[in-house]
Amino acid sequence: MTKACLKKRIDTAAGRIPADLVIKNARVVNVYGGTIIKGDIAVTDGCIAGVGAYEGKTVHDAKGKFAAPGFIDSHIHIESACVTPEEIGRLLVPCGATTIIADPHEIANVKGLEAITYMAEAARETALDIKFMLPSCVPATPFEHAGASFGAEEMTKALKDKGILGLGEFMDYPGVVAATESALDRLFAAHEVGVHIDGHSPGLSGLALNAYAAAGISTDHECTTIEDMHERISRGMYILMRQGSACHDLEVLLGGVTPQNSSRCLLCSDDRQPKTILEKGHLDEHLRICVRHGIDPITAICMATINAANCFGLSDRGAIAPGLRADIVLLDDLTGFGVSQVFIKGQLVAEAGKYLPVVTRVSSTAMESSFHVKDFSKKKLKLRLRSDKVYVIDIQPGGVTTGKGTARVKLGADGDFVYDENADIVKLAVVERHQNTGNVAVALLRGYGIKAGAVALSIAHDSHNIITAGTNDKDITFAVESLVEQGGGVVLVKDGAVLEAMPLPVGGIMSNQSGEWVDEKLNTIHEIAHRELGISEDVEPLMTLSFMALPVIPELKLTDMGLFDVASFGFIPINVK
């Protein structure tokens, strides 16, 4: 800001000169005092000059609508929407989002630091202010093969980039608690630069949680109980209450919000698909849920705005007050939170659910050609079991955690698993696709409900190898081969034929099409998955499967290296001893 700009702002605030823009007749949500202020909002050079009685060169009549600060999503993975940054802006801004804190660890696990450069370039093409965290764990754990790996030296260099807000969710929580050299090196890189560190600590408690917080990790979005939430707040952490497409923790955690602790509570979506955004919205839906559960509307808005700004050190936003960015959302009311207009830096960017700027996309060519699968064949799917008593990964409906189940299964003469249509147990396989290792790991999955054919995805959190489940080896093999041939995405097969497919050319995890195109494809895929393959109606067929390879969410998961027990943080055999 120049001295002349500063003088203009002061003169505008004092009423000596007209504002560039005045939003008149607004009921301003005062997040500092928990009140509503009637008045005009004066904007100059993209900043708020004041709230009161003002005249402006341009006037926008709010007609009595509520003016709230722009919403801030405190933790989101853009890639989980299967769209690029330019497109996520087009989808989220009409819902009131003006800032998101994005962790690009999905694409970073595929393409490394090059992917973060691509995401930052793409983000510049949207009105939405996308603040990027540097992924802390690439790969997420040493128990899988990803497409990239970077350590403390590369992280220190990247963190010094002014475009990086902090260190993304530290998923290696056992490494933090044990103070391993690897964890210490990465943590120290963030401390050396002096940036925020995001957390990820499902199930941690007591002294282990103390150790995690003592490392300088100040947030967690993995709370699933009020007890977890209160314990973390008592340790000085912020709680990011999640309402995504797969995980719905917000409604449970709202029961633990009090007037005393609400300032430590934030709203986030983590993973949110286009279908959810187009049908339910974004943080506007979070706010509706908050009010339905008895949270005061202004308190709810604070959790979507000023609390996030305070948590992440974004001192230039989060409220409607002199000197802050003119990120303003006009709301019809404080119960339904219908978004009427959205201003970002004083520019009208969305109205009546429509994104107004022209969408320009950067080239994603460098993010393609991400498949290097060595010697995959049907024979690699064989299980040679010693007995019929096995561990199974039990799907838990409504979330991404799994159970460590046991079962007795049918065996063939060679000790291989034989699918039984009367038992809801099928083969699950992860095929390494980045480094030509030839790794194929096979386990057993219960609760998916598939009764015919196979599903294969190149979305498998967080390393994004190929994950596939099916009732027979032939269809599983065909699904994997078809997926590789199309360059990644989603494939549904039955009886040796492709029923439906969705290519995702950007790293094998994102489309270069619109959110509506992705939504239409996903709707078709879901319908076919349930109707033709028999996948349970209460299971989201793709997102559920994609999280079966994430070895930092309890309890059993499968990586390209084997069956992983998150509780013991080590591999286990399929046979029960």
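Quick caveat: nothing in here was measured; it's all calculated off a predicted structure.
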Peer 1: One pair to check against side chain to side chain donor-acceptor pair (under 3.5 Å): His464 and Asn109. What are the steps and the verdict?
Peer 2: CA-CA 7 Å; His464 297 291; Asn109 269 283; over 6 Å; no
Peer 1: Kindly state each residue pair satisfying side chain to side chain donor-acceptor pair (under 3.5 Å) with at least one member in residues 170-182, sequence neighbours excluded.
Peer 2: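 Every side chain to side chain donor-acceptor pair (under 3.5 Å) pair that includes a residue of residues 170-182, provided the two are not neighbours, is Asp172-Arg186, Ser182-Arg186.
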Peer 1: Could you check whether any side-chain heavy atom of Pro104 comes within less than 4.5 Å of a side-chain heavy atom of Phe132, counting everything from C-beta outward?
Peer 2: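 Yes; the side chains approach each other to less than 4.5 Å.
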Peer 1: Under the rule for side-chain contact (heavy atoms from CB on, under 4.5 Å), what residues qualify as partners of His293, not counting sequence neighbours?
Peer 2: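 Applying side-chain contact (heavy atoms from CB on, under 4.5 Å) to His293 gives Glu251, Leu254, Ile289.
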Peer 1: Just do the side chain to side chain contact (heavy atoms under 4.5 Å, CB included) check on Leu558 and Leu445 with the steps written out, would you?
Peer 2: CA-CA 10 Å; Leu558 182 69; Leu445 181 68; over 6 Å; no
Peer 1: Do Glu231 and Arg235 sit within salt-bridge range, that is, some charged N less than 4.0 Å from a carboxylate O?
Peer 2: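 Salt bridge flag = yes for Arg235 with Glu231.
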Peer 1: Indicate yes or no for a side-chain donor-acceptor contact from Tyr212 to the backbone of His200 under 3.5 Å, with no hydrogens or angles considered.
Peer 2: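 Yes: the side chain of Tyr212 pairs with the backbone of His200.
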Peer 1: Quiz question: by atom type and distance under 3.5 Å, do the side chains of Thr402 and Asp394 form a donor-acceptor pair?
Peer 2: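 Not at all, the side chains of Thr402 and Asp394 share no donor-acceptor pair under 3.5 Å.
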Peer 1: Mind listing the closest non-hydrogen atom pair of Leu324 and Ala319 along with its distance?
Peer 2: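 That closest heavy-atom pairing would be CD1-O, 3.5 Å.
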Peer 1: Which residues pass the side-chain contact (heavy atoms from CB on, under 4.5 Å) test with Gln435, not counting sequence neighbours?
Peer 2: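 Checked Gln435 against side-chain contact (heavy atoms from CB on, under 4.5 Å); matches are His145, Glu432, Thr437.
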Peer 1: Apply side chain to side chain donor-acceptor pair (under 3.5 Å) to Glu144 and Thr141, showing your working.
Peer 2: CA-CA 7 Å; Glu144 56 194 324; Thr141 71; 3.3 Å; yes
Peer 1: What residues, two or more places apart in sequence or in another chain, satisfy side chain to side chain donor-acceptor pair (under 3.5 Å) together with Glu285?
Peer 2: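 Testing Glu285 for side chain to side chain donor-acceptor pair (under 3.5 Å), a comparison that skips the adjacent residues, returns Arg272.
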Peer 1: For residues 214-226, which residue pairs qualify under salt bridge (charged side-chain N to carboxylate O under 4.0 Å, His left out), counting only residues two or more places apart or in two chains?
Peer 2: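 Found Asp220-Arg232, Glu222-Arg242.
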Peer 1: Below 4.5 Å, heavy atoms only, C-beta onward: do Phe170 and Asp198 meet side chain to side chain?
Peer 2: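 The answer is no; the side chains never approach within 4.5 Å.
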Peer 1: Any chance you could lay out the side chain to side chain contact (heavy atoms under 4.5 Å, CB included) test for Leu267 and Ser74, step after step, and finish with the verdict?
Peer 2: CA-CA 6 Å; Leu267 302 179; Ser74 56; 5.6 Å; no
Peer 1: Between the side chain of Ser262 and the main-chain N/O of Val257, is any donor-acceptor distance below 3.5 Å?
Peer 2: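 No, Ser262 side chain to Val257 backbone: no donor-acceptor pair under 3.5 Å.
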Peer 1: Going through the distances and angles, do Ser245 and Met543 end up as a side chain to side chain contact (heavy atoms under 4.5 Å, CB included)?
Peer 2: CA-CA 8 Å; Ser245 292; Met543 188 168 281; 4.0 Å; yes
Peer 1: Is a side-chain donor-acceptor pair under 3.5 Å present for Ser263 with Asn307?
Peer 2: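 No, Ser263 and Asn307 have no side-chain donor paired with an acceptor closer than 3.5 Å.
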Peer 1: So, the side chain of Asp271 versus the backbone of Ile78: is there a donor-acceptor pair under 3.5 Å, distance only?
Peer 2: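 The answer is no, because no donor-acceptor pair under 3.5 Å joins these two groups.
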Peer 1: So which pairs with a foot in residues 548-562 pass salt bridge (charged side-chain N to carboxylate O under 4.0 Å, His left out), sequence neighbours left out?
Peer 2: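 Passing the test, one end in residues 548-562: no pairs.
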Peer 1: Restricting to side-chain contact (heavy atoms from CB on, under 4.5 Å), what partner residues turn up for Asp161, sequence neighbours left out?
Peer 2: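 With sequence neighbours excluded, Asp161 shows a side-chain contact (heavy atoms from CB on, under 4.5 Å) to Ile164, given in chain and number order.
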Peer 1: Taking side-chain contact (heavy atoms from CB on, under 4.5 Å) as the definition, give me every residue that meets it alongside Cys82, ordered by chain and number, with sequence neighbours left out.
Peer 2: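 With neighbours one apart ignored, the set is Ile459, Leu504, Val518.
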Peer 1: Spell out, as yes or no, whether a donor-acceptor pair under 3.5 Å connects the side chain of Asp284 to the backbone of His282.
Peer 2: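 Present.
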Peer 1: Of all residues at least two apart in sequence or in a different chain, which pass the ring pair (Phe, Tyr, Trp, His ring centres under 6.0 Å) check with His196?
Peer 2: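 His196 satisfies ring pair (Phe, Tyr, Trp, His ring centres under 6.0 Å) with Phe312 only.
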Peer 1: Residues two or more places apart in sequence or in another chain: which of them pass side chain to side chain donor-acceptor pair (under 3.5 Å) with Thr365?
Peer 2: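 Side chain to side chain donor-acceptor pair (under 3.5 Å) check on Thr365 returns Ser363.
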Peer 1: Within a strict 4.5 Å, meaning less than it, do heavy atoms of the Val455 and Tyr448 side chains meet?
Peer 2: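 The answer is yes; the side chains approach within 4.5 Å.
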Peer 1: Tell me if a side-chain donor or acceptor on Glu125 pairs with a main-chain N or O of Glu86 at a distance below 3.5 Å.
Peer 2: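 A pair under 3.5 Å: no.
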Peer 1: Pick from Leu314, Ile72, Ile100: which one makes a side chain to side chain contact (heavy atoms under 4.5 Å, CB included) with Lys131?
Peer 2: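 Filter result, single survivor: Leu314.
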Peer 1: Aromatic contact between Phe564 and Phe569, with the criterion being ring centroids under 6.0 Å apart: yes or no?
Peer 2: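 Yes, ring centres under 6.0 Å apart.
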Peer 1: Going through the distances and angles, do Val373 and Arg433 end up as a side chain to side chain contact (heavy atoms under 4.5 Å, CB included)?
Peer 2: CA-CA 5 Å; Val373 177; Arg433 63 133 165 151; 3.8 Å; yes
Peer 1: Whether Lys404 engages the ring of Tyr391 as a cation-pi pair (distance to the six-membered ring centre under 6.0 angstrom, angle to the ring normal within 45°) should be assessed.
Peer 2: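 The answer is yes, since Lys404 meets both limits relative to Tyr391.
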Peer 1: When you check the side-chain N and O atoms of Asn575 and Ser387, is any donor under 3.5 Å from an acceptor?
Peer 2: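 Note: Asn575 and Ser387 side chains meet the donor-acceptor criterion.
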Peer 1: With sequence neighbours excluded, what pairs up with Thr225 under the side chain to side chain donor-acceptor pair (under 3.5 Å) test?
Peer 2: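 Listed in chain order: Asp228.
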Peer 1: Can any side-chain N or O of Arg264 pair as donor or acceptor with the backbone N or O of Gly236 at less than 3.5 Å?
Peer 2: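 Looks like yes, one N/O pair under 3.5 Å.
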Peer 1: Under 3.5 Å, is there a donor-acceptor pair linking the side chains of His77 and Glu169?
Peer 2: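 Looking only at side-chain atoms, Glu169 and His77 do form a donor-acceptor pair, the distance falling under 3.5 Å.
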Peer 1: Could you list the residues that satisfy side chain to side chain donor-acceptor pair (under 3.5 Å) with Lys380, not counting sequence neighbours?
Peer 2: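 Partners of Lys380 by the side chain to side chain donor-acceptor pair (under 3.5 Å) criterion come out as none, since no residue qualifies.
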